[in-house]
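Just below is one structure, and these are the notes that go with it.
Computed from a prediction, not measured in an experiment: that's the story for all the values here. When a ligand or atom number is given, it counts from 1 through the structure's own listing order. Only this structure's heavy atoms are used, side chains among them; waters, hydrogens and symmetry mates stay out.
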Amino acid sequence: MNVLVLGAGQLARMMSLAGAPLNITISAYDVNTDDIIHPLTQQKLGAGLAKALADVDVVTAEFEHIPLAVLEQCQQSGKFYPGSAAILAGADRRQEKALLERCSVASARYSVINNHDDFNDAVNQLGLPLVFKSALAGYDGKGQWRLKDQADCTGVWQQMADFLATDSKQAIVAEQFIRFNRELSLVGVRAGSGEVRVYPLTENHHVNGVLSVSLARPLPRQLQQRAEQMFAAIASSLDYVGVLAIEFFEVEGELLVNEIAPRVHNSGHWTQQGADVCQFENHLRAVTGLPLGSTELLRPSLMVNILGEDSTPPAILGMPGLHLHWYGKSKRPGRKMGHINLSASSLAELKARFAKLIDLLPAAAFPELEKMLSKLTD
Ligand code: ATP
Ligand code: MG
């Protein structure tokens with residue numbers, strides 16, 4: 001089987017690594033250059049979407065910010081999973097919010113801002129504090145503004161007005177600021193038959209809007225079931241095929257959806273070592289029509305993102321239960337360069353191993369890891 005992935009980053013790379021044992025061969029399409037790329041070596045294999053689509057059995061995506069013309073061409077091939085409607089629901093926060101409303105899934109109250117009147121309405125009707133997010137092209141907390149005090153309205157609006165003036169297709173979604181107890185995500189997979197399998201809820205810790213640590217361990221059954229119901233409602237309303245991720249805020253035991261990602265997700269990287277079949281393989285199984293694999297948690301696990309660093313102390317590789325995954329990228333400040341997966345046979349053992357890992361890693365490059373360490377006693 002040959003699969004084309006829209007996007008040539010680390011997610012295409014990890015799909016390629018997971019697909020090889022099943023004789024699934026991945027090529028990656030760079031939507032900016034129109035080049036076909038080898039997802040591991042980054043060598044150019046060819047150019048042009050039409051030829052690439054003709055040469056493969058299936059096309060899928062590793063990200064959602066894809067030009068409309070590319071999405072339409074893929075959709076017309078009849079080989080595109082999860083398909084352009086699902087990708088657009090993840091790419092445009094207006095569509096995402098409308099989808100959640102259609103599915104009767106709870107999320108933060110919101111309104112759409114196109115002009116100054118809309119901004120004033122949002123402040124009056126939703127109240128402060130507010131989070132503003134660009135409707136299009138947001139990722140890793142980029143394209144966001146916070147408003148806490150009435151006194152800052154003029155300044156924040158001016159920044160947003162300047163932003164809106166740069167692109168007529170843009171809008172801003174204003175959202176109530178949620179005082180959440182923690183952030184969770186659910187990664188799951190849906191087959192063409194409608195069968196759904198989900199991994200256990202993952203607890204996520206962000207630093208400056210970017211995911212830093214994900215922790216997977218059994219959580220209360222009721223919470224997991226609630227998340228699974230929301231996942232099933234969203235996935236079936238999109239007639240979704242492939243891996244889908246849903247980010248939640250947990251507020252006093254209730255779940256609010258923050259956003260969806262129509263693809264394999266950073267908070268599911270721990271599945272490479274902690275689950276029976278990882279998210280990358282399960283995505284490929286779903287989009288190529290193979291039976292889904294088990295999503296069972298085999299052992300408590302966590303993942304630490306490596307941001308803006310291209311080396312880690314060699315000693316960490318001597319630790320039991322530790323796996324290092326580099327993405328082969330050149331170094332840039334804050335860039336997702338790789339991740340560390342750490343697993344153990346019990347939570348107590350995971351905690352001890354995580355404490356050792358924190359000791360070995362340079363604190364400046366890996367801030368706030370202790371916050372997750374303290375949760376391992378909860
Ligand atoms: P990513 O692509 O990394 O998931 P993103 O740019 O799509 O990020 P969000 O997930 O919407 O953005 O927001 C980034 C982070 O900002 C969230 O994980 C959360 O910590 C915080 N955040 C977002 N919306 C709210 C909200 N309404 N109330 C409180 N915090 C929020
Ligand atoms: Mg997010």
Side-chain angles (χ1 to χ4, degrees), residues 7 9-11 61-66 87-97 99-100 105-113 122-123 125-148 156 160 163 170-187 201-215 227 230 234 243-252 254-269 279 303-308 334-337 339 367-368 371-372 375:
Q10 67 265 23
L11 302 180
E62 67 149 20
F63 76 133
E64 47 276 29
H65 305 304
I66 298 167
I87 300 291
L88 286 169
D92 187 330
R93 293 192 196 274
R94 292 164 292 193
Q95 295 204 29
E96 185 175 50
K97 284 289 196 182
L99 167 71
L100 299 177
V105 164
S107 77
R109 284 184 58 216
Y110 78 105
S111 65
V112 177
I113 298 180
V123 172
Q125 283 158 27
L126 300 174
L128 299 185
L130 285 175
V131 180
F132 300 97
K133 302 179 182 180
S134 66
L136 303 169
Y139 71 101
D140 287 347
K142 293 183 174 60
Q144 294 196 10
W145 300 264
R146 306 274 154 112
L147 178 59
K148 286 189 187 130
V156 169
M160 286 172 19
F163 174 80
Q170 271 289 9
I172 286 166
V173 171
E175 241 180 43
Q176 278 187 325
F177 184 88
I178 305 296
R179 287 182 183 80
F180 51 79
N181 301 101
R182 58 182 170 177
E183 292 191 76
L184 301 167
S185 59
L186 191 73
V187 174
L201 275 167
T202 303
E203 194 171 341
N204 302 314
H205 181 66
H206 294 78
V207 179
N208 298 325
V210 183
L211 183 66
S212 168
V213 183
S214 288
L215 168 64
M230 290 166 143
I234 294 167
V243 163
L244 169 73
I246 303 181
E247 295 179 17
F248 300 97
F249 298 130
E250 186 191 3
V251 188
E252 306 305 329
E254 293 297 322
L255 294 177
L256 294 178
V257 172
N258 172 30
E259 60 172 357
I260 67 164
R263 54 174 165 80
V264 288
H265 194 254
N266 198 167
S267 71
H269 290 0
Q279 62 164 348
M303 180 230 55
V304 179
N305 265 340
I306 304 171
L307 303 171
R335 192 175 197 195
K336 286 181 179 169
M337 299 291 291
H339 67 270
E368 298 191 18
K371 285 196 179 167
M372 280 313 250
K375 300 213 170 161

Considering non-hydrogen atoms only, spot the tightest contact between Leu126 and Ala174 and give its length. CD1-O, 3.8 Å
Ignoring hydrogens and geometry beyond distance, is a side-chain donor-acceptor pair present between Asn305 and Ser212 at under 3.5 Å? no
Atom 4 (O) of ligand 1: which protein heavy atom is closest, and how many Å away? Glu259 OE2, 2.6 Å
Which residue owns the protein heavy atom closest to atom 6 (O) of ligand 1, what's the atom, and how far is it? Gly141 N, 2.6 Å
By number and element, which atoms of ligand 1 are closer than 4.0 Å to a non-hydrogen atom of His206? 18 (O)
Ligand 1 atoms nearer than 4.0 angstrom to some heavy atom of Glu247 are 4 (O), 10 (O)
Among all the protein's non-hydrogen atoms, which is closest to atom 24 (N) of ligand 1, and how far away is it? Lys133 NZ, 2.9 Å
For Val131 and ligand 1, does the shortest N/O to N/O distance drop below 3.5 Å? no
Calculate, to the nearest 0.5 Å, the distance between atoms CD and CG belonging to Glu250 and Leu255 respectively. 6.0 Å
Any non-hydrogen atom of Arg179 lying under 4.0 Å from ligand 1? no
From Tyr110, Phe249, Phe132 - option closest to atom 25 (C) of ligand 1 by heavy atom: Phe249
Test your reading of the model: is there a side-chain donor-acceptor pair from Gln170 to the backbone of Leu136, 3.5 Å cut-off? yes
In this structure, CG of Leu256 is separated from CE of Met230 (nearest 0.5 Å) by 7.0 Å
shortest atom 2 (O) of ligand 1-to-protein heavy-atom contact is with Asp140 N, 3.2 Å
With a heavy-atom distance limit of 4.0 Å, tell me whether His205 approaches ligand 1 through its side chain, its backbone, both, or neither. neither
Quick one: does ligand 1 sit under 4.0 Å from the side chain of Asn266, the backbone, both or neither, non-hydrogen atoms only? neither
Between Arg263 and Glu62, does the salt bridge (charged side-chain N to carboxylate O under 4.0 Å, His left out) criterion hold? Intermediate values first, please. CA-CA 6 Å; Arg263 54 174 165 80; Glu62 67 149 20; over 6 Å; no
Any protein heavy-atom neighbour for atom 31 (C) of ligand 1 (distance below 4.0 angstrom)? yes
Hey, looking at atom 17 (C) of ligand 1, which of Glu183, Arg146, Lys142 has the closest heavy atom? Glu183
What protein heavy atom is closest to atom 28 (N) of ligand 1, reported as residue, atom name and distance in Å? Ile178 N, 2.8 Å
heavy-atom search around atom 13 (O) of ligand 1 in the protein gives Gln144 NE2, 3.1 Å
Between ligand 1 and His265, can you find any atom pair, the residue atom being a heavy atom, that is separated by under 4.0 Å? no
Which atom name would you report as the N, O or S atom of Glu259 nearest the Mg ion (ligand 2)? OE2
Inter-residue atom distance His339.NE2 - Ile306.CD1, 0.5 Å rounding: 8.5 Å
Give me the ring orientation class for Phe163 and Trp145: parallel if the planes are under 30° apart, tilted from 30 to 60°, perpendicular past 60°. perpendicular
Restricting Glu247 to its N/O/S atoms, the closest one to the Mg ion (ligand 2) is OE1
Report the nearest protein non-hydrogen atom to atom 27 (N) of ligand 1: residue, atom name, distance rounded to 0.1 Å. Glu175 OE1, 2.7 Å
Lys97 and Glu175 ion-paired at < 4.0 Å: yes
Testing the basics here: between Ala89 and Leu99, what is the closest heavy-atom pair and its distance to 0.1 Å? CB-CD2, 4.0 Å
With no hydrogens and no angle check, is any side-chain donor or acceptor of Asn204 less than 3.5 Å from a backbone partner on Ser214? no
Evaluate side-chain contact (heavy atoms from CB on, under 4.5 Å) for Glu96 paired with Val257, printing each intermediate quantity in order. CA-CA 10 Å; Glu96 185 175 50; Val257 172; over 6 Å; no
